[in-house]
Amino acid sequence: MHQSSGSTSANISEVLYQEIISGKYKPGMMLPSQRDLASQFEASMASERTALSSLAGVGLFQTKPGKGSLVLSVSTGKSHFDGWLGAA
């Protein structure tokens, strides 16, 4: 379980981002299913989908319907996400 202040989807995005850049999820690995992530974060599926959409938008992973979310190169999304966090 993860806890933090702020919006649920932003918290999920930040934690997943940290887990990806720390190497918990390496390039080529699949993220847990949306249902598993929602359960892990004790969040709604809508919050989890919003968080994944934000991270996918900066290039950290690619989601393929029916397949899951594949982690891409960390360097691809890192600078974009760092700027995105600074703007929040």
Side-chain angles (χ1 to χ4, degrees):
M1 175 176 74
H2 298 278
Q3 293 181 357
S4 186
S5 60
S7 81
T8 302
S9 61
N11 293 338
I12 295 169
S13 293
E14 188 170 350
V15 170
L16 285 175
Y17 169 74
Q18 292 299 328
E19 290 177 344
I20 290 169
I21 65 164
S22 74
K24 179 177 180 178
Y25 300 113
K26 297 179 182 348
M29 290 179 68
M30 299 297 285
L31 291 177
S33 71
Q34 291 184 1
R35 186 176 311 278
D36 288 345
L37 286 172
S39 177
Q40 174 184 341
F41 288 97
E42 297 180 351
S44 69
M45 291 288 287
S47 291
E48 181 276 331
R49 276 191 298 272
T50 299
L52 286 180
S53 178
S54 295
L55 291 173
V58 296
L60 286 174
F61 61 87
Q62 180 179 25
T63 300
K64 296 188 178 205
K67 302 278 187 197
S69 299
L70 178 70
V71 177
L72 302 174
S73 171
V74 174
S75 62
T76 301
K78 186 172 181 343
S79 63
H80 296 294
F81 193 76
D82 286 343
W84 179 71
L85 276 177

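When the side-chain contact (heavy atoms from CB on, under 4.5 Å) test is applied to K67, the partners found at least two apart in sequence or on another chain are K64.
To the nearest 0.5 Å, the span separating CD on E48 from OG on S13 amounts to 9.5 Å. Interatomic distance, CG of L55 versus CD of E14, reported as 10.5 Å (0.5 Å rounding).
A distance-only check finds no donor-acceptor pair linking the side chain of S9 to the backbone of S47 [under 3.5 Å]. When atom types are taken as modelled, the side chain of S53 and the backbone of R49 share no donor-acceptor pair closer than 3.5 angstrom.
For the side chain to side chain contact (heavy atoms under 4.5 Å, CB included) with F61, the lone residue among L31, L70, L16 that qualifies is L31.
L60 places a side-chain heavy atom less than 4.5 Å from the side chain of Y17.
Linking ILVMFWY residues whenever their side-chain heavy atoms come closer than 4.5 Å, directly or via other members, places M29 and V58 in the same cluster.
Here the shortest heavy-atom pairing between L52 and S69 reads CD1-OG, 4.4 Å.
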